[in-house]
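Down below is the structure, laid out as structure tokens.
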Amino acid sequence: MSIEKEIKDLRSQLHQYNHEYYVLDNASISDYEFDMLLKKLQDLEIKHPEFDDENSPTKRVGGAVTKKFETIVHEHRMYSLDNSYSKDDLLAWEKRIQKVIEEEEVQYACELKYDGASISLTYENGVLSRAVTRGDGFQGDNVTSNIKTIKTVPLKLKGDNISERFDIRGEIVLPFDGFHKMNEERIEAGEEPYANPRNTASGSLKLQDSSEVAKRPLECLLYSLVGKDLPIDTQFQSLEKARDWGFKVPEIAHLANSIEEVLEFVTLWDKKRHELPYETDGVVIKVNDLKQQELLGHTAKAPRWAMAYKFKAEQVATVLNTVDYQVGRTGAITPVANLEPVEIAGTIVKRASLHNADQIAKLDIRIGDEVFVEKGGEIIPKIVGVNVAIRNHDSTPLVYATDCPECGTELVRTEGDAKHYCPNEESCPPQVIGRIEHYISRKAMDIEGLGGETVAQLVNEGLIKDFTDLYPLKVEQLLPLERMAQKSAENLVNGVAASVKIPFEKVLFALGIRFVGETVAKKLAYHFKTIDAIKEADQEILEAVDEIGTKIAESVVEYFSVVSNIERIERLRSYGVLLEIDESQLPKVSSAIFEGQTIVVSGVFEKVSRNELKKLIEENGGKVGSSISSKTSFVVAGDKMGPSKLAKAEKLGIALWDENRFLSEINES
Ligand code: AMP
Ligand code: ZN
């Protein structure tokens, strides 16, 4: 079989498996097998850049960075939808339709209104050619490289009779599961969680680095084909065709013969929508017959043949009893409303987030007020308004807490920060306990035999003040604690002792430096190798590392400027905790194996940064070349090496090494 055919076969197999997994939710091969096939394709593509295809399944990981999105005029305008809120609204709409469509029956296609960001995808000859945001409806932004990373967007269509060129409209959504997972990770890294899935989805489309978009569990739900000479006569066929061609089109859709039937669908889904994995905010009702749609036409803003029926936001009124202030691991204060318990969307709600002082002032919320509570995509419900009409005459504006409810320290609020903070990092209990809990957590030091409750117990009993105090703990000290048996005390001590083997990057994450999440910790650890090197690095040096921005760099510098943090690190060192990368995992430097060779580095790497690679070349006697020429000895090629470079290397017959080969050659020398 020719290489070209092999590559093409692999691509079409992978497109198919991708479709089964993401669109149909029904995989026919294991994840491992999928990864192996993908890897095989990647290798072939690196060796044979002449068969490059921008819609190859390997392009899903992203990598393109867009500084400014190009504006594109929509070939077919992206209209908005008129809204309705009641049966009467719908009946009035039906009357207007009947005036135009006098003789014929009218059927209505009912679909859910997915709450995310609208997108228009253009396909030419069966492959995705571009993706554009709605923008103002006339023109939007070209976000193709970001959209390609979304697995439910087919890069290549399947089935037959595919129209040569058409647009398809849909909504980019972030399902609840993925949204909550993203937020957990942010909270772990000491960052503010995202407010709701919709804004996070639409914000994702405009990220400059498409590999960041690739990490987000976004989905694309499609709802209509647009174009000339399409093989469809109705909206319902539009949905079916799109499904046949490989798009993800939700199965929840109903063809109604009357407005009564439409209302049944609305009533049903107003309840059942809470079982859906993503957010919806209504039902979209469309005249099914495309000829009838054409007769009805558009107003300046919206089609006359479609109507959005908005679900009533689940709002209930209840009384605000008190406001609590919660202190997080980083000292951030979150005000929480204690409400008279009330049922919303099938669950009893007692508390609601108030976010920060500005939010409270904006709503002018007062104790004893009747407030309106809503539950949207947010994790906990929010207060959206106050019933001022029935407010007590003698009520006074709420005075925001001035002191920490846990330790009494005066709260601070730095300019530009929405939140108040308790500055007493050293002895404010929730901060102390929170930091230790973070330290022992699974993704950090993963200390077995120790849980959150025991941590609180140890702190409250005065046995530990921070995570470094865990190391000298003895079984005898633990036994007097409530519910602490010999066995559990031993487990705890052994678990702590075992943690000295945890790799440095996890230790770095475990320290709980603000904005240093798992990924950032890994980057810093591999780049700097030792905690001392990170400590020495200034703002500029830190920012020069891939993916390290100003905010992170500032936070790292700040962390190492605090004496108690340095003391903590020294204590960890004395207990044998790993504060540098395990050298046996890394290439031993300084050999002469690349003596006399000129080596070019291209692409993105997993284990080492580009700068790191260049340093290794020099330390092992080689010279770093800036561009590929006949003098180049070999190229260290990473992910996303540019196609023109690949072609040039190929033409000159220059060998390509991946980073593993490069590192193992150094190690073996
Ligand atoms: P609006 O933003 O209120 O004008 O509503 C129009 C938007 O609803 C469209 O731009 C789509 O992004 C979105 N939408 C969500 N689901 C659907 C659907 N099933 N059919 C049409 N539009 C939808
Ligand atoms: Zn405090």
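Counting starts at 1 for both ligands and their atoms, in listed order.
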Are the side chains of [Y] and [X] in contact, using a 4.5 Å heavy-atom criterion?
X	Y	result
Glu219	Ile172	no
Val153	Leu128	yes
Lys465	Val432	no

Is it the side chain, the backbone, both or neither of Leu81 that has a heavy atom closer than 4.0 Å to ligand 1?
both

Against heavy atoms of Ser80, which atoms of ligand 1 measure under 4.0 Å?
4 (O)

Looking only at distance, does [X] have an N or O less than 3.5 Å from an N or O of ligand 1?
X	result
Leu112	yes
Tyr114	yes
Gly170	no
Lys286	yes
Arg134	yes

Could you give the distance from CD1 (Ile259) to CE (Met307), rounded to the nearest 0.5 Å?
9.0 Å

To which of Lys310, Lys113, Glu171 does the heavy atom nearest atom 12 (O) of ligand 1 belong?
Glu171

Going by the closest heavy atom to atom 19 (N) of ligand 1, which one wins out of Met78, Glu111, Gln235, Arg169?
Glu111

Could you check whether His298 and Tyr79 have their ring centres less than 6.0 Å apart?
yes

Which heavy atom of Gln431 sits nearest to which heavy atom of Glu425, and what is that distance?
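Minimum heavy-atom separation between Gln431 and Glu425: OE1-CA, 3.6 Å.
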
Start with the C-alpha distance between Arg130 and Leu121, add both sets of side-chain angles, then the distance that settles side-chain contact (heavy atoms from CB on, under 4.5 Å), and finish with yes or no.
CA-CA 6 Å; Arg130 72 187 186 196; Leu121 309 173; over 6 Å; no

Return the closest protein heavy atom for atom 21 (C) of ligand 1 as residue, atom name and distance.
Tyr223 CE1, 3.3 Å

